[in-house]
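Read the structure below first, then the notes.
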Amino acid sequence: MPPNTQYDAVIADNKGSLLSINQLASRLRSADVIVIGEYHGHHGAHLLQSLLQSALYRQRPQQVLTMEQFTLDHQQELDRYLAGLSGESELIADAQAWSNYQASYRPLVEFSRSRNIPVIAANAPADTVRCVGRKGEVYLDSLELAERNQLPESPFIDTPAYRKKFFDALGKNHSPGTDARFENSYKAQLLRDNTMANQAIRAMQDYPGHQVIHLTGTFHAENHLGMVAVLEKKRPDLSVAVISPAFWQPGDDFQGLVEAHRRKGDFLYFLQPLPQEYTDNERHQNAIMEQFRQAADIACD
């Protein structure tokens, strides 16, 4: 019963009933927004997203795809590609697509393009997120009016449970007044979440009656926290369904996994773990420091 390969996913509702892709789609027929959490770069997560998009389309073709993986300042480049006015390599370069775009997100974008499904860039601009992470929320005051107006009017809405989750993940105290660096990192995270929620709401306003499928890293959505909590605060009238992944480790059993993860989503899918990235701790630390050095080269004036 465990996943046989890294492409396989065992799907269930949070009560422990096993589901096929088509059964999952049927259960989601009436949802306004479907948030599919992912482990970035996991083959099984991206295959499930693609199969579910297709199954949902068959029963409700009025669909919009919103994506964390593109930032809203690159919507024009994304639209040009969808309209056939640029090629894929141009999209990847001009829209600063993620490095795993072709392996992970190409099938969803191509499915959408061939059926005239709108694709919405949902994430906040990368430079803005980075600079909020350095300077805090005051950085937004330095933006040009057009840039600021792209972002949510209230860009740092959160919940106490999400704050605790974020700081627990960092191994830090989550009380207000903690180290300014970590507070700023949290504000950068909230900017992403609030922007994604805002873009999902805009999609529903621009395309009435359409079902929104949103792709995002699972941290932004599981337990109905992050962008989902913002979405539900702003639009409590919406029906929002969360689908969250979890790893099926050797020795795990199905019922135990459901019990351990049931609060993460309305529906769950279990995946084989990915290979360990590093066994050499020094190399791992060097790789992390190199990422920080590259980010530090970008000015926030």
Side-chain angles (χ1 to χ4, degrees), residues 31-38 64-79 95-96 98 118-167 176 180 182-208 210-242 300:
D32 297 310
V33 182
I34 299 164
V35 182
I36 311 176
E38 67 177 47
V64 180
L65 179 65
T66 64
M67 302 180 66
E68 175 195 358
Q69 295 79 16
F70 287 102
T71 58
L72 53 78
D73 52 325
H74 291 303
Q75 184 67 53
Q76 183 176 1
E77 290 82 2
L78 185 54
D79 288 342
Q96 297 178 16
W98 289 14
V119 182
I120 306 300
N123 208 348
D127 289 349
T128 303
V129 171
R130 185 181 296 108
C131 291
V132 167
R134 290 189 200 171
K135 296 191 170 187
E137 59 187 276
V138 68
Y139 175 76
L140 297 188
D141 297 336
S142 68
L143 296 178
E144 297 289 338
L145 186 60
E147 292 177 279
R148 181 61 184 87
N149 286 343
Q150 285 187 303
L151 300 172
E153 183 177 351
S154 300
F156 303 111
I157 295 172
D158 72 341
T159 58
Y162 191 58
R163 179 183 177 86
K164 181 179 186 303
K165 178 185 175 184
F166 182 86
F167 282 96
F182 298 109
E183 285 289 347
N184 291 344
S185 295
Y186 182 52
K187 289 293 168 52
Q189 178 82 353
L190 292 178
L191 180 60
R192 293 189 187 96
D193 289 313
N194 279 263
T195 303
M196 287 190 282
N198 213 49
Q199 290 297 91
I201 291 170
R202 285 181 178 175
M204 298 207 68
Q205 293 169 343
D206 293 342
Y207 302 96
H210 285 54
Q211 187 172 57
V212 173
I213 300 173
H214 180 68
L215 310 184
T216 189
T218 187
F219 194 94
H220 292 285
E222 61 189 21
N223 301 95
H224 279 249
L225 296 176
M227 67 84 58
V228 177
V230 178
L231 183 58
E232 292 176 333
K233 274 191 172 187
K234 289 188 168 186
R235 288 290 304 273
D237 57 308
L238 295 178
S239 169
V240 181
V242 176
C300 292

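Residue numbers start at 1 and run along the sequence shown.
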Find the distance between CG (Asp206) and CD (Gln199) and round it off to the nearest 0.5 Å. 9.0 Å
Please tell me if the side chains of Glu38 and Gln69 come closer than 4.5 Å, counting only heavy atoms from C-beta onward. yes
I need the minimum non-hydrogen distance between Arg202 and Asn149, along with the two atoms involved. NH2-O, 3.7 Å
Report the C-alpha separation of Gln189 and Arg192 in whole Å, then their side-chain angles, then the decisive distance to 0.1 Å, and conclude whether the side chain to side chain donor-acceptor pair (under 3.5 Å) test is met. CA-CA 5 Å; Gln189 178 82 353; Arg192 293 189 187 96; 3.3 Å; yes
Spacing of CD belonging to Gln205 relative to CG belonging to Asn198, to within rounding of 0.5 Å: 8.0 Å
What distance separates Gln96 CD from His74 NE2, expressed to the nearest 0.5 Å? 3.5 Å
Looking at residues at least two apart in the chain, or sitting in another chain, which of them share a salt bridge (Lys or Arg N to Asp or Glu O under 4.0 Å) with Glu137? Lys187
Given side chains that start at C-beta, do those of Thr66 and Met196 come closer than 4.5 Å, heavy atoms only? no
Between Asn194 and Pro155 (side chain of the first, backbone of the second, donor and acceptor by atom type, cut-off under 3.5 Å), is there such a pair? yes
Drop me the distance from Leu231's CG to Ile201's CD1, to the nearest 0.5 angstrom. 5.0 Å
Taking the side chain from Asp32 and the backbone from Leu238, do they hold a donor-acceptor pair closer than 3.5 Å? no
Does Arg235 have any salt bridge (Lys or Arg N to Asp or Glu O under 4.0 Å) partners at least two apart in sequence or in another chain, and if so, which? Asp237
Is there a side-chain contact (heavy atoms from CB on, under 4.5 Å) between Asp158 and Phe166 once you walk through the steps? CA-CA 11 Å; Asp158 72 341; Phe166 182 86; over 6 Å; no
For the student: nearest non-hydrogen atoms of His224 and Glu232, plus distance: ND1-OE2, 2.9 Å
Minimum side-chain heavy-atom gap Leu72-Pro125 below 4.5 Å: yes
State the CG-OG1 distance between Asn223 and Thr218, to the nearest 0.5 angstrom. 8.5 Å
With distance as the sole test, does Gln75 use its side chain to make a donor-acceptor pair with the main-chain N or O of Val119 at under 3.5 Å? yes
Between Asp73 and Glu77, what is the shortest heavy-atom contact and its length? O-OE1, 3.9 Å
Does some side-chain heavy atom of Tyr139 sit less than 4.5 Å from a side-chain heavy atom of Leu191? no
For residues Phe182 and Phe167, establish whether the separation of their ring centroids is below 6.0 Å. no
His214 and Ala122 have their tightest heavy-atom pair at CE1-CB, 3.8 Å
Which heavy atom in Ala203 sits nearest to a heavy atom in Val212, and how many Å separate them? CB-CG2, 4.1 Å
Rounded to the nearest 0.5 angstrom, the CZ-SG distance for Arg134 and Cys300 is 4.0 Å
Which atom of Ala188 lies closest to which atom of Val132, heavy atoms considered: N-CG1, 3.7 Å
Tell me, do Lys233 and Thr159 make a side-chain contact under 4.5 Å, heavy atoms counted? yes
Is it true that a side-chain atom of Asn123 and a backbone atom of Thr71 form a donor plus acceptor pair closer than 3.5 Å? no
Phe219 vs Tyr162 aromatic rings, parallel, tilted or perpendicular, using cut-offs 30° and 60°? tilted
Measuring only between side-chain heavy atoms, which start at C-beta, is Lys234 closer than 4.5 Å to Pro152? yes
Do Leu143 and Leu151 make a side-chain contact, defined as non-hydrogen atoms from C-beta onward lying under 4.5 Å apart? yes
Would you say the side chain of Met227 lies within less than 4.5 Å of the side chain of Val230, judging by non-hydrogen atoms? no
Restricting to salt bridge (Lys or Arg N to Asp or Glu O under 4.0 Å), what partner residues turn up for Asp141, sequence neighbours left out? none
